[in-house]
Structure formats: structure tokens, C-alpha cells
Amino acid sequence: MTGEVALSVKNLKTFFYTNNRCNKAVNGVSFDIKKGRTLCVVGESGCGKSVTASTIMQLLPSLSRIEEGSITYHAEAGDIRIDQLDRDGKEMRRIRGSEIAMIFQDPMTALNPVYTIGFQIGESLKYHTDLSAKARHAKVVDLLANMGIPEPERRAKEYPHKYSGGMRQRALIAMAMSCNPKILIADEPTTALDVTIQAQIFRLMDELKEQHGTAIMLITHDMGVVAELADEVIVMYMGNIVEAGTVDDILRRPKHPYTRALLDSIPVLGRGRNQDIKSIRGATPDPYQRPKGCQFSPRCDFATETCSAMPDEEYITETHRVSCHHYKDISQHD
Amino acid sequence: MLTFIIRRLLIVIPMLLVISFLVYLGLELTPGDAVSHMIDPEAASQMSPAQFEALREALGLNKSFLERYATWVYNMLHGDFGRSLSGGVPISEIFLDRLPATLELSFLALLFSTVIGCSLGTISALKRGTATDSSLTVIGMLGVSIPEFFFGLVSILIFALHLRWLPVGGRLMPGYETFLDRAPHIILPALVLSLMMTAGVMRYSRAAMLDSLSREFIRTARSKGLPEWRINFVHGFRVALTPVVVLIGFRLPTLIGGSVIIEEVFQWPGIGSEFIGAVRGADYPLVMMIALFSVFAVLMASLIVDVLTAIIDPRVRLS
Amino acid sequence: MANSALNRKFDRIRALEEAGELKPLTGSRALRKMMNNRLAMVGVVIFLIILLSAIFAPLLTAHSPTKIDLRSMLQSPSGEHWFGTDKTGRDVFARVLYGGRVSILVGLGSALLAALIGVGVGCYTGYKGGILDVIALRVSEIFMSFPQIILVLLLVSIAGQSLANLIVIFVLTGWGGMYRLARARMLSLREEEYVQALRSFGISTPMICYKHILPNALGPIMVNITLTTAMFILAEAGLSFLGLGVPLNIPTWGNILNVAKDLRVLQNNWWMWLPVGMVISLFVLSVNFIGDGLRDSTDPSQQG
Ligand SMILES: Nc1ncnc2c1ncn2[C@@H]1O[C@H](COP(=O)(O)OP(=O)(O)OP(=O)(O)O)[C@@H](O)[C@H]1O
Ligand SMILES: [Mg+2]
């Protein structure tokens with residue numbers, strides 16, 4: 001059961017068409033999300049992590065579309081091609097919330113200020129289960145209690161503004177988990193929270209994974225979180241996956257110059273205080289003026305002329321893949 | 001909730017006191033003897049100067065300014081608003097006589113503009129970028145640009161003079177008593193009066209709706225798999241409602257002010273046309289009292305709006 | 001399906017983008033957005049046409065707006081009198097042109113003066129805070145708790161009817177809104193870091209508020225000036241229509257419309273009131289279009 005593929009994304013491209021320009025926000029990514037595993041997605045701001053997540057849920061704004069590729073949800077009753085579903089059609093709505101659920105970055109704005117927490121969690125149940133109003137309420141209280149919210153009975157009747165950030169995020173997780181989804185997508189769920197709360201939220205997510213075998217896709221900036229929670233990692237840069245593998249592959253045997261630079265730029269807990277921290281040279285390019293070929297080449301120390309062609313994805317091991325012309329030469333430097 | 005209302009009242013009362021003070025100051029400074037707007041003119045014409053002076057004393061007009069002001073406020077609180085210069089009619093009687101017509105007209109206009117404005121604005125926002133949206137936007141612009149009285153004149157010309165569907169003006173014909181009898185009279189003025197406010201409410205509710213639909217909780221709602229109508233109305237519209245109610249409250253003075261001109265155009269026998277008559281005839285006591293009353297109405301309306309906002313928005317309720 | 005049109009548009013943009021034909025946009029973003037806003041441009045054109053024809057009225061018509069000509073009373077529009085003549089034989093077209101001068105002067109002039117006072121006071125007291133701020137706020141609250149028309153009429157009844165009085169009264173009743181806006185902007189801008197930095201350099205208060213902060217609040221203020229202009233033009237028209245605005249012997253748009261209170265004129269002599277009503281509406285519409293365009297182009301939260 002654990003390790004079975006719950007959702008596979010193949011060569012997915014999502015482009016934005018705002019301001020009469022075409023922004024290739026996600027430009028051909030492939031990965032699998034597996035049951036009972038946590039897939040972490042890392043990369044600098046603007047590399048397309050959130051867009052990938054929204055694409056899976058079909059929550060894209062109207063001036064954007066899926067250009068190519070497939071998103072296949074492996075449901076018990078058979079495979080569903082999410083990319084071919086109507087954005088707000090019945091089938092898509094059924095999947096959202098009940099099969100695939102999502103939690104967002106900022107818990108302060110993700111809840112509707114004029115409804116009680118209980119109402120908002122109950123809404124999910126109302127549309128995805130046949131529970132009676134009473135049973136729904138009981139379930140909401142139960143969910144809140146499971147998320148470690150004290151006095152859930154009273155808290156369910158309160159409005160979001162009386163909740164602290166951490167409690168709101170728990171409420172949002174309760175909402176996402178209310179219908180026992182097979183997949184949980186969390187887009188930087190703790191960026192807005194302080195560190196101790198972060199740890200609690202992650203522990204909660206880990207428990208859910210263990211208990212229900214939920215597949216988790218976790219978007220984060222924090223390599224510490226990756227080391228702690230991830231089973232698999234994908235590293236994105238400018239709409240592409242530059243490297244993907246198990247957590248060991250990426251953290252211990254990084255191949256792509258970008259992954260290495262990313263790891264070097266972040267202090268890692270446990271490596272002591274005399275770490276050599278280097279920031280990545282240059283800045284991410286304007287999405288409308290993308291470099292030719294390897295997107296990282298202008299900032300890469302190892303770039304050569306060959307890099308002006310897009311590198312193919314190569315499998316180093318069965319789990320570890322990288323897109324770089326020079327990864328072999330680079331690893332010899334170590 | 002009660003403490004909320006009380007707290008709001010505590011803000012309103014000083015405001016009313018200051019403005020009534022200014023109004024009283026105005027009354028004292030404008031021409032006309034103070035006695036004349038306090039007693040019946042017929043009685044006044046039969047008095048000797050000595051009696052007159054005695055009356056001044058009796059009425060407290062020889063006391064200090066502040067004392068006179070206090071008496072004036074005291075009288076007002078007891079329903080004595082003084083007398084109009086023309087004909088010496090007690091102003092309270094004029095109010096009783098004219099107010100129902102004005103209230104009737106304003107309420108109906110408020111109703112029209114709220115209902116029509118909100119619905120059109122919401123439709124416009126939901127159909128953003130389509131031809132419907134653009135035409136509603138242009139119509140809304142026209143609505144706030146055409147002078148209300150001009151619109152009134154055109155509608156009188158069309159519906160009353162040419163088509164003869166509705167009467168030219170007035171409120172009641174002798175012998176007609178029920179609201180239904182009056183209905184043909186009120187339709188045009190109420191619609192015309194509501195025009196500008198409708199356009200305002202429409203433009204604003206479109207903006208509020210768009211703003212609300214672009215918030216993150218809408219994405220959360222969508223990610224729960226809710227149907228589109230529920231996302232738009234239960235989540236989007238409900239949140240857009242607060243700023244719209246606030247705007248309606250904010251625009252109420254314009255509606256009250258607008259009724260002054262519209263009543264004149266349609267010869268609607270309300271406070272507004274009385275006010276214009278008073279301004280024309282330099283009937284200062286009446287002008288001042290109606291102005292004071294309009295401030296009272298505005299402050300009360302804003303109080304009601306505040307309470308309404310607190311009811312529909314839990315964030316306001318407790319802060 | 002409506003989506004196919006969108007899809008075609010996307011295909012086109014993508015093809016252009018891949019051909020490298022789409023260039024990053026240059027120049028002032030606000031100006032570009034304004035130019036792209038069709039309604040705002042229509043507004044500018046109408047505004048200029050009406051404004052210029054009022055200014056250059058003597059070049060456009062040989063008739064006098066006030067000359068009574070009893071031989072040509074109540075004529076309907078003709079080649080000689082484009083908008084016909086009124087009860088005393090005055091040329092309505094000439095009256096509309098010359099009337100525009102006064103009406104626009106009253107509207108635009110009062111709005112600018114109100115802005116000058118409101119923004120001047122609002123910036124300074126908003127930035128300084130303290131007792132001055134409290135006093136200014138309370139005073140503006142008093143002015144703003146009256147319905148505007150009623151306060152104007154009240155003041156007219158006290159001060160008497162004249163052009164100058166009307167402008168003064170408009171400024172008195174209109175500065176409050178401008179003041180509130182400027183003050184609110186000030187309150188948020190004064191906490192910005194660059195302002196703190198300026199203060200630590202020892203730059204004087206008036207210098208900071210008028211030279212450094214004010215330009216950052218100009219967008220909303222400009223928008224408000226247009227809206228106030230529109231409001232005053234409507235108010236002037238309304239008051240003069242009632243016969244309580246500008247004295248009747250001076251032609252203004254409202255005074256020309258005044259005749260339509262007579263039902264016979266309303267029904268039989270449309271040229272005496274319909275064209276001028278439409279000119280007012282058009283002018284106010286154009287001002288509103290410009291205001292809306294300004295708002296959109298100066299609002300950073302809007303894409304496009
Ligand atoms: N709603 C949108 N409209 C237009 N462009 C968008 C939108 N959302 C994202 N983009 C564009 O898509 C690209 C990828 O953005 P995305 O939000 O996925 O980045 P991200 O990796 O999630 O960054 P962050 O770590 O800051 O959240 C960016 O170039 C961004 O400008
Ligand atoms: Mg993101």
C-alpha cells in the first residue's frame with residue numbers, strides 16, 4: 001500500500017497569459033506522489049512550485065491554461081485524467097476536498113472572516129459526505145480535537161479572528177483532512193508561523209501520513225524541514241525540475257549545480273557553526289526573458305556552450321534523476 | 001451589542017450638541033426678532049411694546065446667550081421647535097405634516113437603489129470582462145453623471161406628458177387615500193431619486209465583489225470542492241456585503257440632499273420642497289431647523305448602518 | 001464555448017512570445033494604462049471639446065448670450081440659431097457656450113480650491129498629529145455631517161446669491177472630503193521608512209510633508225479632484241435650476257435649464273433645455289471617465 005503511486009504528473013506545462021504576455025511558469029515537469037510518503041518541492045521564489053500545486057487541483061486563475069502533459073490520479077475506481085476534466089465541473093469538484101485536499105501558505109487570509117470555523121469545516125463534509133447536520137457538527141468537533149485545539153466544542157463556534165495563526169492553520173488542516181483525502185498538498189503551510197508552531201504543524205502532518213497513509217506533497221523553502229520530513233525531494237528552477245530523488249540522494253549526493261548552490265546557501269542544523277554559507281550568484285531571471293537551454297546556465301559556475309541546449313533528464317540511479325550536461329564532471333571535483 | 005450601540009450614541013450626541021449650538025448661533029445672528037419665531041404672530045401684532053418687553057423677559061430672551069441656548073435645546077427636546085416666520089406656524093406642525101411624504105419617498109428610493117444596485121453590481125462582477133459587464137459599467141457611469149433633476153424632467157416629459165402613464169407630480173389627489181392610490185405618484189420620483197445612488201451602489205458592489213472574489217478564502221472554498229454558486233454567493237457576496245452597507249450609509253446624505261431637488265421637480269409635498277420654500281423666503285428659523293433635522297437624520301442613519309455592519313460582520317462586533 | 005476564443009487568444013500570444021516578438025513594456029506604467037483605457041481617452045476628448053468650445057465661445061458663435069431679441073422669440077433650432085432661441089429671443093447655443101465658462105469655472109475652480117485647502121491642511125495636521133489634527137478633524141466632521149446640498153442652501157440663504165459666494169460656499173462644503181483623504185494617506189505614509197530617514201536628517205516638517213510625502217499621495221488626490229469637480233458641476237446645475245445658485249442674469253448651465261420648470265416649456269420647447277442638459281451630462285460623464293481612468297492607472301494593485 002505505502003509507496004504505491006497516488007498521482008502522477010507527466011511533462012506538465014502550465015503557462016500564464018496575463019498582460020498579453022506568455023509566462024511559461026511550469027515548463028515540463030514530471031513526478032509521482034506516493035501513498036504514505038512525503039514529497040518535498042523546493043526551489044527559489046517564482047520557480048513554479050505553487051503553480052504546479054494549483055495545477056494539480058485545477059485552481060488556476062482564468063488567464064492561464066495547461067498546455068501539455070498529463071496529471072493522472074490513480075483512484076481506487078480507476079485512473080482519472082485530471083488535466084482533461086472541466087475546471088469547475090462536477091467531477092473536479094468531487095475530487096477537490098474529498099480526494100485531494102490543499103492547505104495554503106497564509107492561514108490569516110485563507111479563512112472566510114464572516115463564518116465560524118465550524119461552519120467552514122462543516123461545509124466540506126456537507127458536500128462530500130451524507131452526514132446529517134448533527135453528525136457533521138460532531139465530526140467537526142472531533143477533527144478540531146484531533147488537531148489539538150482545546151475546547152473544540154466552543155472553538156467550533158468562533159470566528160477566525162479569534163484564532164491565532166497556528167490555530168487557524170490547524171483548523172485549515174482539519175478542514176483539509178475532514179474527508180480523509182488520499183493526497184494532501186501543502187503549499188508552504190508554516191511560512192507565516194513561528195518556529196515552535198511550525199514544528200507542531202509538521203508533527204501533525206507526519207502523524208496523519210502515518211495513520212491514514214495520506215500522500216503528501218509539501219512545498220517549502222526550508223531545507224531543515226526537508227531533512228526532517230521528506231521521503232522524496234524535487235528541486236525546481238524556473239519551471240523545470242532540475243533534480244529529483246530520495247531525500248538522501250538530494251541532501252547527501254546532490255548532482256545539479258543548482259541543488260548544490262541551494263544547499264550551500266542554507267545553514268544546516270547539525271553541521272556546526274562554522275559553516276561556509278554562499279549565496280547563489282546573480283538573481284532569478286525575468287520570467288519573460290528566459291535564457292536559452294539550461295535555465296540555470298547564466299548563474300552557473302560550470303556553464304559552457306553546450307548549456308545553451310536544454311539538457312535531457314538522466315537517471316543516475318533508479319530514484320535519482322538530474323538535468324545537467326555537466327553533472328558528471330562536477331561530481332569529480334569533490 | 002447594547003454596549004456597542006451605547007458607545008456609538010456617545011459619539012453622536014456631542015456632535016449633535018455642537019451642531020445645534022452652531023445652528024442656534026446662526027439663528028441669533030440672522031435677521032428677524034427672536035420673539036417673532038417663538039409666539040403666534042397674531043398675538044404679537046396685538047401687543048404693546050411694554051407687553052412685548054415683558055414677553056421677552058418671560059421667554060428668557062434677556063438672559064445670557066448660553067442660558068438662551070439651553071432653553072432652546074430644552075424646548076426642542078419637548079417638541080417645541082419654534083415657529084416659522086411665514087404665517088407663524090409651529091415648525092413641529094410643519095414637520096408632522098411634511099415628514100411622512102419625505103420618508104416614504106426616501107425609503108422607496110433606498111430600497112430601489114439597494115436592491116437594483118447590488119444585483120447589477122454582482123452580475124457585473126461575476127461576468128467580468130464580458131459585454132454585459134462593460135455595458136453595465138457605462139450605464140453606471142451615466143447614472144452618476146446625469147443630473148438627477150434633468151433625468152426627472154426627461155422622465156416627466158416621456159411618461160407623464162407624452163405617454164400619460166403617470167401623473168406629472170404631486171402626491172395625493174383629494175379622495176385618494178391608500179398607498180396603492182398614491183403609487184402612480186411615487187414611482188417616478190422614487191426611481192429618479194434612486195438613480196444616482198443605484199449607480200453608485202452598483203459600481204461599488206462590483207468593486208467590492210471583485211475584491212472579495214480575489215481573496216484567498218475564495219481559493220480555500222474552491223479547494224474544498226464547493227459548487228460555483230456557493231463560492232460566489234455564500235462566500236464572495238457575503239463578504240462584499242459589509243463594504244456595500246457601509247457605502248450605502250455613506251451615501252445616505254446624498255440621498256437626503258437629492259430629495260430636496262427631486263421633491264421640487266415633482267412637486268412632492270415633503271420636507272425638501274418646504275426647505276426650498278424657506279430658503280427662498282429667507283425663513284431662517286425653518287431653514288435652520290430643517291438643516292438641523294437633516295443632520296440628525298444623517299447621524300441616525302449612520303448609527304443604524306454601524307449597527308447593521310456589526311451584525312453582518314463578526315470582526316466589527318467586538319472590536 | 002466562450003473558452004475557444006480565449007484559447008485562440010492564448011495561442012496567438014504564445015506564438016508571438018516564442019517568436020520573441022513581445023518586448024518588455026517601457027515608459028510610465030500609469031501613463032500607458034491611461035492611454036490604453038478607451039473610456040478615459042473618450043473622456044479626455046469630450047472634456048477638451050467642451051472646455052475649448054466654452055473658452056473660445058466668441059469664435060464659435062456670433063450671437064451674444066444675453067442680448068434680448070424680441071423679434072426672434074421661441075424659435076426652434078435653425079441654421080441661424082443652432083439650439084433655437086428662448087422666451088426673450090436669446091440664442092440658446094451661445095448661452096450654452098458662455099454658460100459653460102461659468103459652470104466649468106465654478107466646478108473646476110471650487111474643486112481645485114477645496115483641494116488646495118483640504119490637502120494643505122490634511123497633509124500638515126495628518127503628519128504632525130496633536131491638537132491641531134484633532135481640531136481639524138472635528139471641524140471637518142461638522143461640515144460633513146450635513147447633506148451637502150442642504151448645507152449649501154443653508155449658507156446661500158445666509159450669505160445671499162452671487163457667483164463668488166457660491167464658489168466660497170462650495171469650497172467650504174467640499175474641503176472636508178479632500179482633507180480626510182489627504183490626512184488618511186499621510187497617516188499611513190508618515191510611518192514609511194524613507195520618511196523616518198528624512199526626519200533623522202533634520203529636514204523641516206513642511207518640507208517633508210509637502211515636498212517628499214505629498215507626491216506619493218497625489219494619485220488618489222487627483223482622482224478625488226475629478227470626482228469633486230463632477231459633483232460641483234452637478235450641484236451648481238441643481239441649485240441654479242432651483243433658482244438659488246448663480247444669479248439668473250448670468251448664463252450658466254443650471255440657469256439655462258431653469259426654464260424647464262415650466263411644464264409648457266418642458267413639453268413644447270425641448271431645445272431650450274434638452275441640449276444643455278445633455279451637455280452637462282456629457283461633461284460630467286467625461287470628467288468621471290477621466291477620474292476612473294486615473295484611478296485604475298494609479299492603483300498599483302490592479303494588473304494590466
Ligand atoms: N496568478 C498568477 N498570475 C500570473 N502569473 C502568476 C500567477 N501565479 C504565479 N504566476 C507566475 O508564475 C511563476 C511561478 O510562480 P509560483 O507562484 O509558482 O512561484 P513559487 O515557486 O510558488 O514561489 P514562492 O516560493 O514565492 O511561493 C512566476 O513567474 C509568477 O510570476
Ligand atoms: Mg508559492
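Chain letters run A, B, ... following the sequence lines, proteins first, then strands; residues in each count from 1.
Remark: F119(A) CZ is packed, more than 12 non-hydrogen atoms of other residues, nucleotides or ligands lying under 6.0 Å away. Around atom CG of D194(A), more than 12 heavy atoms belonging to other residues, nucleotides or ligands sit under 6.0 Å away. The 12-atom threshold is not exceeded at CZ of F107(B), counting heavy atoms of other residues, nucleotides or ligands nearer than 6.0 Å. Counting heavy-atom neighbours within 6.0 Å of F151(B) CZ, excluding the residue itself, gives a total of 12 or less. The local environment of OH in Y127(A) is crowded, with over 12 non-hydrogen atoms from other residues, nucleotides or ligands closer than 6.0 Å.
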Applying side chain to side chain donor-acceptor pair (under 3.5 Å), run through E123(A) and H235(B) and close with a yes or a no. CA-CA 11 Å; E123(A) 241 185 347; H235(B) 285 273; 2.8 Å; yes

Run the salt bridge (charged side-chain N to carboxylate O under 4.0 Å, His left out) test on R93(A) and E228(B) for me, step by step, so that the C-alpha distance in whole Å, both residues' side-chain angles and the decisive distance to 0.1 Å come before the verdict. CA-CA 9 Å; R93(A) 288 205 313 263; E228(B) 229 23 43; over 6 Å; no

For the pair V239(B) and N112(A), evaluate side chain to side chain contact (heavy atoms under 4.5 Å, CB included) and give the outcome as yes or no after the intermediate values. CA-CA 8 Å; V239(B) 169; N112(A) 191 325; 3.1 Å; yes

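For the set M102(A), M92(A), Q120(A), the entry with the most heavy-atom pairs within less than 4.5 Å of chain B is Q120(A). Interface remark: of the candidates L226(B), L241(B), I231(B), T242(B), L226(B) forms the most heavy-atom pairs closer than 4.5 Å to chain A. The candidate with the highest count of non-hydrogen atom pairs below 4.5 Å against chain B, out of P113(A), G97(A), S124(A), is P113(A).
Contact of M175(A) with chain B is made through the side chain alone, with heavy-atom distances under 4.5 Å. Heavy atoms of K126(A) lying under 4.5 Å from chain B belong exclusively to its side chain. For L172(A), the part lying near chain B is the side chain, with the backbone staying farther off; criterion is any non-hydrogen pair under 4.5 Å.
Contacts between residues 207-225 of chain B and chain A, counted as heavy-atom pairs separated by less than 4.5 Å, involve E216(B), F217(B), R219(B), T220(B), R222(B), S223(B), K224(B), G225(B).
The distance from the NE2 atom of H161(A) to the CG atom of D313(B) is 8.5 Å, given to the nearest 0.5 Å. Atom CZ of residue R238(B) and atom OH of residue Y115(A) lie 5.0 Å apart, to the nearest 0.5 angstrom.
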